[in-house]
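A short write-up of the structure that comes next.
Convention: sequence-line order gives letters A, B, ...; per-chain numbering from 1.
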Amino acid sequence: MSIDSDTLIDWFDTVGRDLPWRRPECTAWGVLVSEIMLQQTPVARVEPIWHEWLARWPKPSGLAASSQGEVVRAWGKLGYPRRALRLHAAASAIAEQHGDVVPADVDALLALPGIGAYTARAVAAFAYGQRAPVVDTNVRRVVARAVHGAGDAGPPSNTRDMADVEALLPRSESRAARLSAALMELGALVCTARTPRCADCPVFDGCAWQHAGRPAYAGPAKPVQKFAGTDRHVRGLLLDVLRGTSEPVEKPRLDVVWSQAGQRDRCLDSLLVDGLVEQTADGRFALPGEH
DNA sequence: GACCCGTGGTT
DNA sequence: TAACCAAGGGT
């Protein structure tokens, strides 16, 4: 009783989505850009922006040659805009240290800004066909149910989670890479968080959760992320003003987005510290590197 | 490990 | 409608 890799790969070949970064002609750079954009952001919102980016910046050196401000503006409202800055920095490192070619080595990928345990292995597997445990929230949920018979994944433990997935991967490099994509797709389309579509599941017969009678999740409650009124909210409002203008703005233009001066100023300062905002010589505010 | 970092669609 | 959820990473 376990996940049969052949069955799952066949299912993926049949019903997997035809996403642009999965096409054979997509470059490793295209895969990397997609993985960064998809960090905590749904596919539907990423897809149009990804097309814009790849048309505008087909190679890392192109992105590196643009200003940080242009990159943050092109990021639009994908959220967590520090990702845009880190991707810009990663592109510079790739252009300067890797001959404008995305590295295939996991350790080299991990050394790039904004690339952690998941993204490094996702690029190695999806762009270069390597055998590497690709563990995201979808895979963690699939493994928790199908392998461990739990209703959902508990708190992440990178070492344990990667070992779990490693044990599922076929020996063949290319098959392992395909299974990695299939596991993620299963979690995204069938083995979903709220209402899993078990009737459509290709590995239903081997699922430990089914055999256990579908017990409810028994682990610790997941922390709820508030948003309204948080610094994240205010930072987003401030940055949205600067995204919408080509010229630097006076501080009063920023002050109107949030009534609490203390929080507002703290957030503006944090944006300056993060390098998402710059102050011009005459005291106005703008996206970085454009003035 | 705890906490922080955006945004918007779905239930 | 409030809560949940979405291909995580950095400190």
Side-chain angles (χ1 to χ4, degrees), chain A residues 12 16-17 19-22 30-50 72 75-87 89-90 109-127 132-142 152-162 165 177 180-189 191-196 217 220-243 257-258 263 266-267 270-271 273-277:
Chain A
F12 179 60
R17 292 166 293 180
L19 300 172
W21 43 85
R22 285 180 178 165
V31 173
L32 174 55
V33 171
S34 80
E35 292 300 342
I36 302 291
M37 288 183 170
L38 288 164
Q39 291 170 1
Q40 302 287 282
T41 303
V43 168
R45 249 188 290 162
V46 164
E47 207 166 344
I49 306 295
W50 182 88
V72 170
W75 190 258
K77 308 197 79 168
L78 288 181
Y80 292 135
R82 295 189 298 183
R83 290 182 292 164
L85 242 35
R86 294 188 181 124
L87 182 49
L109 287 161
L110 284 170
L112 297 170
I115 297 186
Y118 162 77
T119 304
R121 291 169 179 81
V123 170
F126 304 148
V134 179
V135 183
D136 75 330
T137 184
N138 289 307
V139 174
R140 284 179 9 84
R141 188 172 54 248
V142 168
D152 205 345
S157 166
N158 199 272
T159 304
R160 175 178 52 75
D161 294 340
M162 287 204 297
V165 173
S180 295
L183 284 168
M184 289 178 62
E185 193 74 339
L186 185 66
L189 299 183
C191 196
T192 55
R194 290 191 197 178
T195 311
Y217 174 66
K222 298 177 180 179
V224 287
Q225 278 232 52
K226 296 292 185 191
F227 178 69
T230 63
D231 284 3
R232 248 165 39 256
H233 185 182
V234 177
R235 283 165 55 106
L237 294 173
L238 292 169
L239 207 58
D240 200 39
V241 172
L242 300 180
R243 254 190 243 116
V257 305
W258 198 251
Q263 185 182 18
R266 179 176 73 239
C267 288
S270 74
L271 287 169
V273 169
D274 286 348
L276 283 163
V277 175

Roughly how many Å is it from [atom1] in [X] to [atom2] in [N], rounded to a whole number?
X      : N      : atom1 : atom2 : answer
A:L110 : C:dG10 : CG    : C1'   : 13 Å
A:N138 : C:dA6  : CG    : C1'   : 9 Å
A:R232 : C:dG10 : CZ    : P     : 17 Å
A:Y118 : C:dG10 : OH    : P     : 14 Å
A:R160 : B:dG1  : CZ    : C1'   : 14 Å
A:F227 : B:dC4  : CZ    : P     : 14 Å
A:I49  : C:dA7  : CD1   : P     : 18 Å
A:L276 : C:dG10 : CG    : P     : 15 Å

Looking at every strand, decide which applies to [X] at a 4.0 Å heavy-atom threshold: base, sugar-phosphate, or nothing.
X      : value
A:L78  : base
A:T137 : sugar-phosphate
A:L19  : base
A:R141 : sugar-phosphate
A:A193 : sugar-phosphate
A:G116 : sugar-phosphate
A:W21  : base
A:T119 : sugar-phosphate
A:A117 : sugar-phosphate
A:R243 : sugar-phosphate

Is it true that A:R22 and A:E185 have a side-chain N and a carboxylate O under 4.0 angstrom from each other? yes
What I want to check is whether an N or O donor and acceptor connect the side chain of A:R194 with the base of C:dC4 at under 3.5 Å. yes
Counting distance alone, no hydrogens or angles: does the base of B:dT7 have a donor or acceptor under 3.5 Å from a partner atom on the side chain of A:R45? yes
DNA chain B nearest-nucleotide lookup for A:P156 and A:D231: closer to the 5′ end is A:P156
Closest-nucleotide mapping onto DNA chain B: is A:H233 or A:P155 further toward the 5' terminus? I mean the 5' end. A:P155
Atom [atom1], compared across [N] and [M]: separation rounded to whole Å:
N      : M      : atom1 : value
C:dT1  : C:dC5  : C1'   : 16 Å
B:dT10 : C:dA7  : P     : 14 Å
B:dG6  : C:dT11 : P     : 14 Å

Nearest to the side chain of [X] - [options]?
X      : options              : answer
A:K226 : C:dA3, C:dA6, C:dA7  : C:dA3
A:T41  : C:dA7, B:dC5, B:dG6  : B:dG6
A:K77  : B:dG8, C:dA6, C:dA7  : B:dG8
A:R86  : C:dG10, B:dC5, C:dA7 : C:dG10

What heavy-atom pair brings A:W50 and A:V33 nearest, and what distance separates the two atoms? CD1-CG1, 3.8 Å
Taking only side-chain N and O atoms of [X], does any of them lie within less than 4.0 angstrom of OP1 or OP2 on [N]?
X      : N     : result
A:R82  : B:dT7 : no
A:R235 : B:dG6 : yes
A:Q40  : C:dG8 : yes

Let me know, please, whether A:G187 or A:P113 comes out on the 5' side of the other along DNA chain C by nearest nucleotide. A:G187
Contact between A:V277 and A:L238 at the side-chain level, heavy atoms closer than 4.5 Å - yes or no? no
Flag the pair A:I49 / A:W75 as yes when at least one side-chain heavy-atom distance between them is below 4.5 Å, and no otherwise. no
Of A:V46, A:L38, A:V43, the one forming a side chain to side chain contact (heavy atoms under 4.5 Å, CB included) with A:L19 is A:V43
Examine distances only and state if a side-chain atom of A:R140 and a backbone atom of A:V135 form a donor-acceptor pair shorter than 3.5 Å. no
Under a 3.5 Å cutoff, is there a donor and acceptor pairing between the side chains of A:S180 and A:R121? no
